[in-house]
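Structure, as structure tokens:
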Amino acid sequence: MDDLTLPEVETVRKRIETATKKEAKFCLMAAYLFCARASEIIGATNRYDIAHNQTVARGPTGQDVKIETFEVGDIKTQAAIFTVRTAKRDGKIRKIALPLEKKFEPWTEPLCNYYAEHGNDKVFPFTRQKAWDYAQETFFGLSYPIEKYNLYEQEDTKPKPVRAHMKPFRTHALRHLRATELIETFGFTGFDLSVYGGWTLRSMVGVGSAMSRYAHLDWRRYFPKLLKKRF
DNA sequence: GCCTGTTATGGTGAAGTGCC
DNA sequence: GGCACTTCACCATAACAGGC
């Protein structure tokens with residue numbers, strides 16, 4: 001029986017740090033920090049995916065980040081605000097704010113600099129398959145858990161339960177890892193996570209229309225929780 | 001209106017294929 | 001061999017539907 005747990009954050013971060021290709025390193029870094037799906041990072045789609053309405057590349061250009069000062073009470077610090085276009089929700093914009101100070105998040109500044117190198121061009125001008133290759137070579141030997149779920153087949157009226165199992169750690173696993181870290185380490189609530197990760201409030205915390213009025217809550221709601229000295 | 005189960009849709013995983 | 005493209009099974013999650 002597999003141990004159905006995620007790898008340690010530190011293990012994954014070290015792997016990303018040691019990625020040999022610069023574009024692989026920053027691509028995986030961004031996917032992890034933004035709690036993003038591959039399509040929210042990559043900037044190119046091959047002909048087949050376009051023809052079959054598969055992945056839409058929603059990745060950023062070098063212009064999709066800005067620096068703002070965050071000030072509340074005694075706290076005054078700088079935040080890098082990254083614009084991410086959410087997959088599955090027709091490219092709905094969400095803002096990922098990350099502390100610029102190294103003691104809070106040492107990757108924010110290098111990622112901003114990498115964005116700046118690309119100007120008006122796509123920051124990650126390659127396909128999801130390429131990103132998957134990068135994840136495969138970077139996370140070789142690591143795996144992550146898939147929860148049990150029901151499989152509904154067209155010809156079968158009864159759902160087929162699929163047991164919890166492990167899968168090799170690839171691009172989508174970074175989203176799982178980051179979401180878990182935000183809850184367990186930074187104390188994010190379901191509301192915070194729905195803003196950060198681009199989930200609907202219903203899918204994240206199970207609230208209906210009455211609470212969905214708060215769906216506009218922006219990065220200032222969760223940002224103070226990221227000001228936790230860890231490095 | 002809320003809750004819960006089901007379905008639809010769009011995205012990812014991963015192996016295969018073919019070209020240079 | 002390395003790379004990009006093709007292919008389809010699998011998975012995540014938004015939306016729908018029905019009961020209370």
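What you see is a predicted model; the values in this text were computed from it and never measured. Chain letters run A, B, ... following the sequence lines, proteins first, then strands; residues in each count from 1.
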From [atom1] of [X] over to [atom2] of [N], roughly how many Å is that when rounded to an integer?
X	N	atom1	atom2	result
A:Asn46	B:dG11	CG	P	14 Å
A:Glu23	C:dA4	CD	C1'	13 Å
A:Ile50	B:dG11	CD1	P	13 Å
A:Leu28	B:dT12	CG	P	14 Å
A:Asn53	C:dT7	CG	C1'	15 Å
A:Asp133	C:dA4	CG	C1'	9 Å
A:His176	C:dA12	NE2	C1'	8 Å
A:Ile41	B:dT12	CD1	P	10 Å

For [X] and [N], is the shortest distance between a side-chain N/O and OP1 or OP2 below 4.0 Å?
X	N	answer
A:Thr55	B:dT12	yes
A:Arg58	B:dG11	yes
A:Arg47	C:dA4	no
A:Ser39	B:dT12	yes

Geometric cation-pi criterion [X] and [Y], 6.0 Å radius, 45° cone:
X	Y	answer
A:Arg178	A:Tyr32	yes
A:Arg94	A:Trp199	no
A:Arg37	A:Trp132	no

Measure all distances between protein nitrogen or oxygen atoms and nitrogen or oxygen atoms of nucleotides 13-15 of chain B, and list the pairs falling under 3.5 Å.
residue : atom : partner  : partner atom : Å
B:dG13  : OP1  : A:His172 : N            : 3.1
B:dG13  : OP2  : A:Thr171 : OG1          : 2.5
B:dG13  : N7   : A:Arg128 : NH1          : 3.0
B:dG13  : O6   : A:Arg128 : NH1          : 3.4
B:dG13  : O6   : A:Arg128 : NH2          : 2.9

- Does a sphere of radius 6.0 Å around CD in A:Glu17 hold more than 12 heavy atoms from other residues, nucleotides or ligands, not counting ones at 6.0 Å or beyond?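 More than 12 heavy atoms, drawn from other residues, nucleotides or ligands, come within 6.0 Å of this atom.
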- Query: Any salt bridge between A:Lys102 and A:Glu109, counting N to O under 4.0 Å?
  - Reply: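 Looking at A:Glu109 together with A:Lys102, the answer is yes, because their closest N to O distance falls below 4.0 Å.
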- Message: Does this structure show an ion pair linking A:Arg221 with A:Asp192, if we count only N-O contacts that are shorter than 4.0 Å?
- Response: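 Judged by the 4.0 Å cut-off on N to carboxylate O distance, A:Arg221 and A:Asp192 do form a salt bridge.
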- Query: What's the spacing between A:Leu28 CG and A:Glu23 CD if we round to 0.5 Å?
  - Reply: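 Rounded to the nearest 0.5 Å, the CG-CD separation comes to 10.5 Å.
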- What is the distance from atom CD1 of A:Ile41 to atom CZ of A:Phe126, rounded to the nearest 0.5 Å?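 Separation between the atoms: 9.0 Å.
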Within the sub-3.5 Å range, which N or O atoms of nucleotides 16-18 of chain C have a protein N or O partner, and how far apart are they?
residue : atom : partner  : partner atom : Å
C:dC16  : N4   : A:Arg202 : NH2          : 3.1

- Item | Residue whose closest nucleotide on DNA chain C lies nearer the 5' end, A:Arg37 versus A:Thr127 |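 With A:Arg37 and A:Thr127 compared, the 5'-side residue is A:Thr127.
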- If the plane angle is over 60° it's perpendicular, under 30° parallel, otherwise tilted; pick one for A:Tyr115 and A:Phe34.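 Geometry flag for A:Phe34 against A:Tyr115: perpendicular rings.
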- Task: Please confirm whether any donor atom in the side chain of A:Lys130 sits under 3.5 Å from an acceptor in the base of C:dA4, or the reverse.
- Result: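 No pair found.
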